[in-house]
Amino acid sequence: MQELITTWTMAIASLIATLLLLLAIYTWPRGERRRCPGSRGWKGLWNPARWIRRSDCWQDLTGVPVTSTDEIRCPECGRSTPIGRVLRDGRRIRLGFIGVVLAMLGLGSQIGVAAHSGRPLKSIPTTALVLLSNTSIGAHRTVIRNEIEQRVDAGTVAGFDARRLADALVRDLRTDGRKWNASTADEKLRTMWPESQAALERELTEGDRQSRKIAAQILRDKNAAPSRSLQITCVDDLAEDWDVGARFLLSYNNRKAARYLIDHYRHASDLIRAALDSEDPQQRWLAMIICGFARDSTVIDQVVPFLVAELRDGPGNARAAAVTLFRFGPPVIEALRPYADDDDRQCRETVRSIIERLEHPDRTWDQFENRMPRISWTTHDPLSLGFWEATR
Ligand SMILES: [Zn+2]
């Protein structure tokens, strides 16, 4: 708090100093020489009134006769002044002098704080640094940005400042050839949550593919509500995206997006159903799993043939396919029946086991007539696996 007061006092002092100096230049006395300068000696400086007033007399000397030694004798204070020292008319206050003193005080204390803390911009108000961060002067790795990042870590950037800074940081998430700026921005945006949320949401529509994906990853990790643009980015995340840069910020983004879409299936069902026809095999596959985990029985006839094909002995992902089919629940039974006599033993046994488990959920392990074949090395009961284990 005390730091905040110091910062703002110094900032306001600097601002006033600048204004005073500008005003002093603008109103530079350029009238006629006719004002009595009063006392000009050093002794007069003991009087504080002399620091702000240009003259302690200011008598109008117009029409006063000039003496033989080219001096004018002031009828008010009685001092004699050489004609060249009479003051020009204009403002009565020493604006320039006050401005210089204020500027020196401000500058001096800023240098003091900077030298003491080792942070050259420590005394600059956060708002000023944030506004500069939105320009190239305050870009990644500049003194300005370093200072503001230290304040983010200290938790002192909030409200308006945080929202404006988030606007600058989300742009750093884009592909721009600069190293590590996306990584730093990712970290700071997470630190500034939830004040960074609005900027992240906006980046989902305004950003490039990399920044959209990173923004979506942060929003998902923070459990943000499923806005339409977030749903769209999540569905895009299901597709193969190894060509997108900054991969290290997108670990497990395919499965994290799938997990998120399962939880918010109600809002995004049309997008996910559309992804079932995708050109991208991984996107298609994850969309099927999402539909199963979300128990969308409207797509059963469309997806069952593909999932059953994965059950057959071979390179397919039998475990994820079996769990997905099981997750559809009883509505999937009729679609599965034709495959109960499939030529492939692993497929046949898995389908029979799923049907029995769905028809007789109350049966215990030793009562099952159809045992699950070993399609998973980690468990004897692969059908009970959750999303993360099933898709590993
Ligand atoms: Zn005078």
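One-based numbering, in listed order, for ligands and for the atoms of each. Note that the structure is predicted; figures quoted are calculated from it, not measured.
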[X] side chain to [Y] backbone, donor-acceptor under 3.5 Å:
| X | Y | value |
| --- | --- | --- |
| E356 | E369 | yes |
| S133 | R145 | no |
| R284 | S278 | yes |
| R54 | R92 | no |

Inset, instruction - State plainly whether the residues R352 and D341 are in salt-bridge range, i.e. N to O under 4.0 Å. - result: yes

Inset, instruction - Could you name all protein N, O or S atoms found under 2.8 Å from the Zn ion (ligand 1)? - result: C36 SG, C57 SG, C74 SG, C77 SG

Legend entry - Sequence neighbours excluded - ring pair (Phe, Tyr, Trp, His ring centres under 6.0 Å) pairs with any residue from residues 180-204: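 Pairs touching residues 180-204 that pass the test: W180-F248.
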
